[in-house]
Amino acid sequence: MRYYSTRSRSESVDFRTAVLDGLASDGGLYVPQEIPQYKETVKSSLGSMNFCDIAFETINPYVKDAIPDFVLEEIVHSSYPFYAPLVPVGSRLVLELFHGPTAAFKDFGARFMARAFSWLRRNEEKPLHILVATSGDTGGAVADGFFDVHGIYVTVLYPKGRVTPLQEKQIAGLGKNIRALAVEGSFDDCQRLAKTALADEELKKRMQLSSANSINIARLIPQAVYYAAAAGKAFAGIVDPDGEVTPRLNKNTVTAAGSGTPVTFCVPSGNFGNLTAGLYAMRMGAPVKQFIAATNINKTVPDYLATGEYKARVSEATISNAMDVGAPSNFERMTAHLSYKDMRSVILGVSVSDDETRKTIERVFSETGYYFDPHSAVGWKGVDKLIAEDKIDGKQVGILSTAHPFKFSEVVEPLVGAVPVPSSLSLAMERTVNAQAIPAEYEALLEYL
Ligand SMILES: *Cc1c(COP(=O)(O)O)cnc(C)c1O
């Protein structure tokens with residue numbers, strides 16, 4: 001498979017280059033030259049295959065030239081000792097993406113990316129230094145994904161005092177090859193410092209530098225896996241047992257939704273990497289009817305879908321802060337694959353306020369006993385709104401739950417009381433933070449590096 005930049009189709013690169021470079025030299029994002037198709041035998045058995053087998057079948061055509069089959073087998077098994085249960089909640093399905101070590105869906109991409117990096121660089125002698133700026137969730141998933149990976153050092157820059165205590169422990173509690181820098185400034189400062197370093201030719205002569213943010217194609221492709229697995233299950237009328245970390249009242253009104261019906265996925269979105277991965281799964285042949293792009297008040301993409309005009313803006317702070325994005329970077333990938341007309345036919349946009357989000361967390365809990373984190377609640381409410389506007393019929397809808405509710409307990413607990421703690425997070429809570437504080441100045445970062 002060749003990859004080309006979203007900004008020019010003239011030059012293409014192989015998987016290795018696309019992953020290790022991250023961003024194309026013209027500033028565009030790498031996209032695959034074509035979307036491969038699932039074999040018929042795979043397509044018809046997605047509902048009953050195990051997660052790692054679907055992961056292998058999904059990722060293999062994208063990486064074949066760079067990662068041999070037996071290595072990919074090993075990589076998917078070590079990346080995914082957990083899976084993504086599809087559980088019924090009320091009359092809908094919820095795809096729980098929070099069973100990985102940092103309890104947010106970013107584990108799926110980060111863990112694969114770390115192992116892919118390690119294989120692709122297996123013959124390099126110099127260590128690689130990865131710089132990542134985070135507002136919270138990404139840093140934890142990347143740190144965890146790369147923890148103890150040979151030959152790679154990760155430095156996470158996060159805004160001091162502006163991440164939750166749990167997130168800080170996930171970022172700065174691991175040690176070994178993971179280093180944490182608490183920057184005295186904002187997330188934008190962190191991002192600026194990381195970008196400056198990555199563009200510093202003098203520094204790059206001294207050390208091999210790379211980034212691990214969500215524009216990397218190696219984080220995107222593995223996210224198609226859980227869409228295919230869940231679409232297959234929904235189509236076959238199969239649901240998973242209740243997620244073990246979110247006990248509920250036993251009030252489900254749906255067990256096996258309508259079998260033989262393709263699912264509509266509602267994706268709580270910020271940078272739109274997750275939704276883009278869903279488009280890949282659909283194009284590969286997974287039985288998906290359409291997508292709902294649910295955002296908080298940062299509704300650049302829903303506005304685009306409504307008007308045809310793309311207006312990036314400065315993001316506004318909300319309680320679903322991992323989706324506070326005014327200029328979603330993966331939008332460029334969506335337009336590389338779909339015209340405006342096609343995009344409107346497969347994606348419905350909707351935006352949800354903080355007030356609506358809080359009320360939804362309360363209401364879903366009182367009706368079903370299910371705990372939603374604020375991001376996933378945006379998805380649930382988005383579906384409510386589209387049903388009320390007669391834009392969807394509400395049958396066979398699957399909402400992606402992007403984070404465990406305990407991760408956002410500051411928001412969730414005042415609304416519904418104590419949230420059950422998953423074992424991965426209780427372990428993380430015991431870690432001690434070991435971060436170095438630096439002023440938000442490039443000289444300080446340079447000195448540290
Ligand atoms: C990152 C994140 C999102 C947004 O995903 P995108 O791929 O950026 O659209 C939503 N919810 C949670 C919990 C996240 O961490």
Side-chain angles (χ1 to χ4, degrees), residues 29 84 94-110 113 132-145 158 163-164 166-167 170-171 187 191 212-224 226-227 265-281 291-296 298-302 304 315 318-334 347 349-352 357 361 371-382 399-412 422 425:
L29 276 61
V94 172
L95 176 56
E96 295 185 344
L97 301 177
F98 50 71
H99 294 272
T102 73
F105 79 87
K106 292 188 174 74
D107 284 329
F108 287 93
M113 177 168 65
V132 58
T134 184
S135 58
D137 273 353
T138 297
V142 169
D144 203 277
Y158 67 97
V163 299
T164 70
L166 173 61
Q167 285 172 329
Q170 290 180 325
I171 294 165
F187 168 61
Q191 199 149 30
N213 52 22
S214 70
I215 53 167
N216 198 301
I217 192 75
R219 264 181 70 177
L220 197 78
I221 293 166
Q223 289 177 203
Y226 47 74
Y227 284 96
F265 281 121
C266 179
V267 190
S269 295
N271 247 328
F272 280 79
N274 204 5
L275 198 139
T276 304
L279 291 171
Y280 286 11
F291 292 95
I292 297 167
T295 68
N296 56 33
N298 295 287
K299 57 189 178 78
T300 305
V301 172
Y304 167 78
S315 68
T318 73
I319 57 170
S320 47
N321 60 10
M323 312 198 302
D324 293 350
V325 181
S329 47
N330 278 288
F331 182 74
E332 227 177 291
R333 279 203 174 102
M334 293 163 67
I347 307 172
V350 64
S351 116
V352 171
T357 305
I361 294 172
Y371 297 92
F372 263 138
D373 92 286
H375 305 79
S376 315
V378 164
W380 186 279
K381 180 65 188 178
I399 291 145
L400 275 67
S401 181
T402 51
H404 192 284
F406 184 75
K407 250 196 134 164
F408 297 92
S409 52
E410 311 78 39
V411 176
V412 179
L425 296 187

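Remember, it's 1-based here, ligands and their atoms both numbered in the order they're listed.
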Would you say the side-chain atoms of Asn330 and Arg333 include a donor-acceptor pair closer than 3.5 Å?
yes
Would you say the side-chain atoms of Ser320 and Asn296 include a donor-acceptor pair closer than 3.5 Å?
yes
Ordered by chain then number, the protein residues lying under 4.0 Å from ligand 1 by heavy atom are Phe105, Lys106, Asp137, Pro268, Ser269, Gly270, Asn271, Phe272, Gly273, Asn274, Ala322, Met323, His375, Thr402, Ala403
Ignoring hydrogens and geometry beyond distance, is a side-chain donor-acceptor pair present between Thr318 and Asp324 at under 3.5 Å?
yes
Thr295 and Asn298 side chains, donor-acceptor separation under 3.5 Å
no
side-chain hydrogen bond (donor to acceptor under 3.5 Å, both in side chains) partners of Asn271, counting only residues at least two apart:
Ser329
Would you kindly say whether Asp137 and Gln167 are connected by a side-chain donor-acceptor distance under 3.5 Å?
yes
